[in-house]
Amino acid sequence: MRDVFNFSAGPSMLPEEVLKIAALEMLDYKGSQQSVMEMSHRSKLFDGIIKEAEALLRELMEIPDNYKVLFLQGGASAQFSAIPLNFMNGSGKADYIITGQWAKKAYEEAQKYGDVKAVASSKDKTFSYIPKTKKEDFRKDADYAYICLNNTIYGTVYKEIPDTGGIPLIADISSNFLSEPLDVSKFAMVYGGAQKNIAPAGLVIAIIREDMLGGARDITPTMMDYKIMSDNDSLYNTPPCYTIYICKLVLDWIKSIGGLSAMKERNEKKAKLLYDFLDNSKLFKGTVAKEDRSLMNVPFITGSDDLDAKFVKEVTEAGLVNLKGHRSVGGMRASIYNAMPYEGVLKLVEFMKNFEKENL
Ligand SMILES: *Cc1c(COP(=O)(O)O)cnc(C)c1O
């Protein structure tokens with residue numbers, strides 16, 4: 001066990017068990033005398049890795065057969081363009097809910113390509129809650145609706161999927177991918193960058209309902225055309241092979257601890273420890289509406305910028321690192337993704353208790 005607990009919002013902690021297997025296999029993957037880093041992406045061995053990763057993901061998330069799983073690059077941010085370029089192909093309209101910076105960036109990018117409407121926003125209260133919507137809020141002829149399911153910077157999450165009245169719903173799940181069971185069939189597409197909960201940076205996983213594919217605009221870059229990526233089993237060009245390999249190991253690890261229901265239980269236990277403390281603290285307080293709290297990202301403040309800075313300095317010295325809040329909001333943020341052990345959160349809460357005693 002390492003002594004430092006890393007609360008980074010991303011790239012973030014990977015399970016130590018996974019890193020140990022990767023270290024063991026670094027020079028010689030399964031008797032090949034090659035590292036996965038050195039292997040052809042067209043080799044039998046790598047084909048086994050990517051197929052196994054997809055099969056495990058399908059099993060763990062119970063992905064219906066009429067959905068494609070794509071391994072892509074360019075980060076979640078590249079999908080902000082790819083989504084309109086693939087799906088804004090009927091009325092040219094798309095409806096977005098603005099729950100934070102990532103949703104806003106996706107919304108702004110989509111504006112380059114068509115008639116994009118913000119149907120709701122929580123900007124009025126610094127994105128500290130999830131705005132309520134009704135199906136009447138969405139335009140009946142919109143090509144798709146778009147949400148960011150877990151808002152990494154502000155620490156909110158959708159507990160209920162909005163009713164769009166049948167308009168295909170697309171969700172960015174970058175920061176809660178595989179953190180708990182998710183009913184994929186409610187979405188036309190979910191996608192996320194791997195660097196929060198799944199693997200090192202460099203990989204995006206997209207899960208897309210088949211009937212959505214095939215309508216990309218003529219000007220869509222080949223690398224952003226989901227149909228082309230799908231027809232080529234994510235091997236149109238060289239994929240991020242090593243990252244996909246780590247993804248496979250992480251999926252093995254999730255399966256070994258009992259799958260997504262077990263993951264959810266672990267994550268709830270960790271989050272409860274921290275939220276219960278925040279709710280009873282006289283110094284620290286959470287910044288998010290209780291009913292919309294994320295299990296993954298927990299922002300909190302003391303109410304004083306000076307004390308926040310003192311806390312971040314001292315907690316870092318204690319081996320609890322990357323707790324500084326996002327540069328746009330300040331304060332603190334604990335990202336407690338799948339790989340964060342319970343002991344890490346326990347140590348953080350113990351530290352906060354002592355800090356409160358000394359500084360109140
Ligand atoms: C981190 C993050 C992004 C940006 O991901 P990149 O891979 O850096 O483009 C987008 N959306 C959400 C919800 C995120 O947490």
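Just so you know, ligand 1 is whichever comes first in the structure, and atom 1 is the first atom listed for that ligand. Since the model is a prediction, treat every value here as computed from it, not as a measurement. Starting from 1, each residue takes its place in the sequence as its number.
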Where does C148 meet ligand 1, judged by heavy-atom distances below 4.0 Å: at the side chain, the backbone, both, or neither?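 Under 4.0 Å from ligand 1, C148 contributes side-chain atoms alone.
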State the atoms of ligand 1, each with its element, that fall below the 4.0 Å cut-off from a heavy-atom position in [X].
X: Q195; value: 5 (O), 6 (P), 7 (O), 8 (O)
X: T152; value: 12 (C), 13 (C), 14 (C), 15 (O)
X: S174; value: 11 (N), 12 (C), 13 (C), 14 (C), 15 (O)

Are any of the N or O atoms of K196 closer than 3.5 Å to those of ligand 1?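 Yes, there is a polar N/O contact under 3.5 Å.
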Side chain to side chain contact (heavy atoms under 4.5 Å, CB included) partner of L348, chosen from V298, L274, I336, L273: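 So, applying the side chain to side chain contact (heavy atoms under 4.5 Å, CB included) to L348 and each of V298, L274, I336, L273, only L274 qualifies.
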For [atom], find the nearest protein heavy atom and state the residue, atom name and distance (0.1 Å precision).
atom: atom 5 (O) of ligand 1; result: A76 CB, 3.5 Å
atom: atom 9 (O) of ligand 1; result: S77 OG, 2.6 Å
atom: atom 11 (N) of ligand 1; result: D172 OD2, 2.6 Å

Side chains of D124 and Y129, donor plus acceptor under 3.5 Å: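 Indeed, the side chains of D124 and Y129 share at least one donor-acceptor pair under 3.5 Å.
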For K105 and E109, run salt bridge (Lys or Arg N to Asp or Glu O under 4.0 Å): C-alpha distance rounded to whole Å, both residues' side-chain angles, the deciding distance at 0.1 Å, then the answer. CA-CA 6 Å; K105 281 194 169 159; E109 189 67 24; over 6 Å; no
Centres of the Y226 and F87 rings: under 6.0 Å?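 Yes, ring centres under 6.0 Å apart.
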Taking the non-hydrogen atoms of G75, is any one of them nearer than 4.0 angstrom to ligand 1?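 Flag set, G75 near ligand 1.
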Could you check whether the rings of [X] and [Y] sit parallel, tilted or perpendicular, using 30° and 60° as the cut-offs?
X: F355; Y: F351; answer: parallel
X: Y191; Y: Y146; answer: tilted
X: W102; Y: F80; answer: tilted

